[in-house]
Amino acid sequence: MRTAEWETRRQDNLVRETAMPYVRRDLMGRIESVHRTSAADAVEYLDAGDPELKRFLQEEFGAPEPARAGLQLLPVFEEVLQVLLAKGLVTVEELSENARATWAHVLEARQPPADATRFSASGFVEIIDDSAFGGLPDQR
């Protein structure tokens, strides 16, 4: 399963698990608050999968964080893939299209930009170099 599909399903499951389907709307008709049970000012029921409810929850609480353990393993997988490719045990062509694209993106991110200019002597240092005039006068 591709990462984007997995993330969408995970967010759907999170909404279902934490859904509070009764909403209160502001004067403009936007969701203002979400409640587990109906109340005098929150009688409209929205399905847990409703896109508007999902959007509100994401704006209110942010996108769910991926599991930290999985993120800690990413450098390990990168290094293992580098070793396998370097030893010729796996070729890039054997990877799925998604994996090839991701690997290419990783490699590009590690390369400095082609148009990056290196610092070089500009001559400006000679303009502000006041060492020929000696140090500051003694303030005694």
Side-chain angles (χ1 to χ4, degrees):
M1 179 182 314
R2 293 190 330 234
T3 305
E5 290 174 332
W6 179 83
E7 183 64 22
T8 301
R9 286 186 185 179
R10 192 174 69 76
Q11 287 179 5
D12 288 347
N13 289 337
L14 180 67
V15 168
R16 282 188 198 97
E17 291 170 8
T18 61
M20 298 176 275
Y22 292 94
V23 298
R24 178 175 60 216
R25 294 185 180 271
D26 63 13
L27 294 174
M28 299 300 290
R30 295 177 300 228
I31 296 177
E32 185 174 65
S33 62
V34 184
H35 307 270
R36 291 187 191 278
T37 59
S38 68
D41 57 349
V43 294
E44 181 183 355
Y45 178 85
L46 291 179
D47 182 67
D50 184 272
E52 186 181 11
L53 178 60
K54 286 181 180 181
R55 191 171 37 257
F56 173 79
L57 291 174
Q58 187 167 6
E59 288 171 2
E60 220 32 54
F61 302 106
E65 290 185 29
R68 293 184 191 271
L71 289 177
Q72 291 172 346
L73 283 174
L74 286 177
V76 175
F77 290 131
E78 278 185 32
E79 191 171 332
V80 168
L81 183 55
Q82 280 180 330
V83 169
L84 292 172
L85 289 167
K87 290 188 173 194
L89 299 172
V90 173
T91 64
V92 175
E93 290 77 25
E94 292 178 281
L95 300 174
S96 70
E97 186 177 330
N98 190 26
R100 282 194 306 266
T102 303
W103 184 245
H105 181 70
V106 167
L107 294 177
E108 285 175 18
R110 291 183 181 170
Q111 298 296 322
D115 62 345
T117 57
R118 303 281 184 225
F119 288 105
S120 60
S122 64
F124 188 68
V125 71
E126 284 85 28
I127 295 172
I128 61 169
D129 184 8
D130 61 356
S131 62
F133 302 106
L136 293 173
D138 217 2
Q139 295 290 332
R140 292 182 207 189

(request) Starting at CZ of Arg30, measure out to CD of Glu32 and round the result to the nearest 0.5 Å. (result) 9.0 Å
(message) Distance check, rounded to the nearest 0.5 Å: Glu94 atom CD versus Leu89 atom CG?
(response) 9.5 Å
(request) Decide yes or no for Phe77 and Leu81: does some side-chain heavy atom of the first lie under 4.5 Å from some side-chain heavy atom of the second? (result)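 Of all side-chain heavy-atom pairs linking Leu81 with Phe77, none is under 4.5 Å.
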(message) Counting C-beta onward and ignoring hydrogens, is there a side-chain heavy-atom pair between Thr91 and Leu85 closer than 4.5 Å?
(response)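 A side-chain contact under 4.5 Å is absent here.
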(request) State, to 0.1 Å, how close Asp41 and Arg24 come at their nearest heavy-atom pair, and which atoms those are. (result) OD2-NH1, 2.6 Å
(request) Please report the closest heavy-atom contact between Ser38 and Val43, naming both atoms and the distance. (result) CB-CA, 4.5 Å
(request) Keeping the roles fixed (side chain from Gln58, backbone from Arg55), state whether a donor-acceptor pair exists under 3.5 Å. (result) no
(message) Run the ring-ring contact (aromatic ring centres under 6.0 Å, His included) test against Tyr45 and tell me which residues pass, sequence neighbours left out.
(response)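 With sequence neighbours excluded, Tyr45 shows a ring-ring contact (aromatic ring centres under 6.0 Å, His included) to Tyr22, given in chain and number order.
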(request) For Glu52 and Arg25, run salt bridge (Lys or Arg N to Asp or Glu O under 4.0 Å): C-alpha distance rounded to whole Å, both residues' side-chain angles, the deciding distance at 0.1 Å, then the answer. (result) CA-CA 12 Å; Glu52 186 181 11; Arg25 294 185 180 271; 2.8 Å; yes
(request) Show the numbers, then the answer: is there a side-chain contact (heavy atoms from CB on, under 4.5 Å) between Gln82 and Trp103? (result) CA-CA 10 Å; Gln82 280 180 330; Trp103 184 245; 3.5 Å; yes
(message) Do Leu95 and Val83 sit in one hydrophobic cluster, given that two such residues count as connected whenever their side-chain heavy atoms are within less than 4.5 Å of each other, even indirectly?
(response)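 Shared cluster, no.
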(message) Quick one, Ile31 with Leu46, criterion side-chain contact (heavy atoms from CB on, under 4.5 Å). Give me CA distance, side-chain angles, the key distance, then yes/no.
(response) CA-CA 11 Å; Ile31 296 177; Leu46 291 179; 3.7 Å; yes
(message) Within the 3.5 Å criterion, strictly below it, is a donor on Ser33 or His35 matched to an acceptor on the partner's side chain?
(response) yes
